[in-house]
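All residue numbers in this chain count up from 1 along the given sequence. Counting starts at 1 for both ligands and their atoms, following the listed order.
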Amino acid sequence: MSDECEFLSKCGFFQNFSGNSETVKEGWIKIFCKDKDKSETCKRSQIRRETGIAPPDNMTPTGKLLV
Ligand code: SF4
């Protein structure tokens, strides 16, 4: 079983912002995307599971929007 987020391969935030300096500084990818249990608390994954719709790519796992 994977120990990564189930949405990793189709997550716009992961695809587009994994090299972003703030993303790296905050460690969101390491904390959320690469940890299956923690990924379930990610705001993006919660929205996706509840609505079936992907949130904006610039929404971080904490719900903060990157500008
Ligand atoms: S940002 Fe959230 S939904 Fe996207 S891959 Fe990371 S943990 Fe999963």
Side-chain angles (χ1 to χ4, degrees):
M1 201 168 129
S2 171
D3 56 0
E4 298 176 335
C5 173
E6 65 186 293
F7 299 117
L8 200 74
S9 64
K10 49 191 171 193
C11 176
F13 175 79
F14 181 78
Q15 305 291 335
N16 294 315
F17 291 96
S18 56
N20 175 280
S21 60
E22 190 172 358
T23 301
V24 172
K25 179 169 65 93
E26 297 288 345
W28 286 308
I29 301 289
K30 185 168 184 288
I31 294 168
F32 288 91
C33 312
K34 302 286 188 168
D35 183 323
K36 176 81 177 151
D37 290 339
K38 190 72 179 171
S39 74
E40 290 175 8
T41 70
C42 169
K43 285 272 186 272
R44 297 183 58 85
S45 75
Q46 288 173 345
I47 289 170
R48 193 132 180 171
R49 271 184 268 117
E50 284 165 19
T51 67
I53 298 168
D57 289 354
N58 66 334
M59 178 186 283
T60 71
T62 61
K64 176 183 172 180
L65 293 178
L66 290 177
V67 290

Colleague: Quick check on the hydrophobic clustering: are Leu66 and Phe14 connected, directly or via other members, by side-chain heavy-atom contacts under 4.5 Å?
Modeller: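 Yes; tracing contacts between hydrophobic side chains, which count when under 4.5 Å, links both residues.
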Colleague: Return the residue, atom name and 0.1 Å-rounded distance of the protein heavy atom closest to atom 4 (Fe) of ligand 1.
Modeller: Cys11 SG, 2.4 Å
Colleague: As an exercise, identify every atom of ligand 1 less than 4.0 angstrom from a heavy atom of Cys5.
Modeller: 3 (S), 5 (S), 7 (S), 8 (Fe)
Colleague: Against heavy atoms of Ser39, which atoms of ligand 1 measure under 4.0 Å?
Modeller: 7 (S)
Colleague: Could you tell me whether the side chain of Thr23 and the main chain of Ser18 form a donor-acceptor pair under 3.5 Å?
Modeller: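 Absent.
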Colleague: Backbone N or O of Arg44 within a donor-acceptor pair of the Arg49 side chain at under 3.5 Å?
Modeller: no
Colleague: Roughly how far, to the nearest 0.5 Å, is the OG1 atom of Thr60 from the CZ atom of Phe17?
Modeller: 10.5 Å
Colleague: Nearest heavy atom to atom 2 (Fe) of ligand 1: which of Cys33, Cys42, Gly12 does it belong to?
Modeller: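 It is Cys42 that holds the nearest heavy atom.
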Colleague: At a 4.0 Å threshold, what atoms of ligand 1 neighbour a non-hydrogen atom of Pro61?
Modeller: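 By the 4.0 Å cutoff, the relevant atoms are 1 (S).
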Colleague: Can you get from Leu8 to Ile31 by hopping between Ile, Leu, Val, Met, Phe, Trp and Tyr side chains that sit under 4.5 Å apart?
Modeller: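 Same hydrophobic cluster.
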Colleague: Check each atom of ligand 1 against the heavy atoms of Phe13 and keep those under 4.0 Å away; list them by number with element.
Modeller: 1 (S)
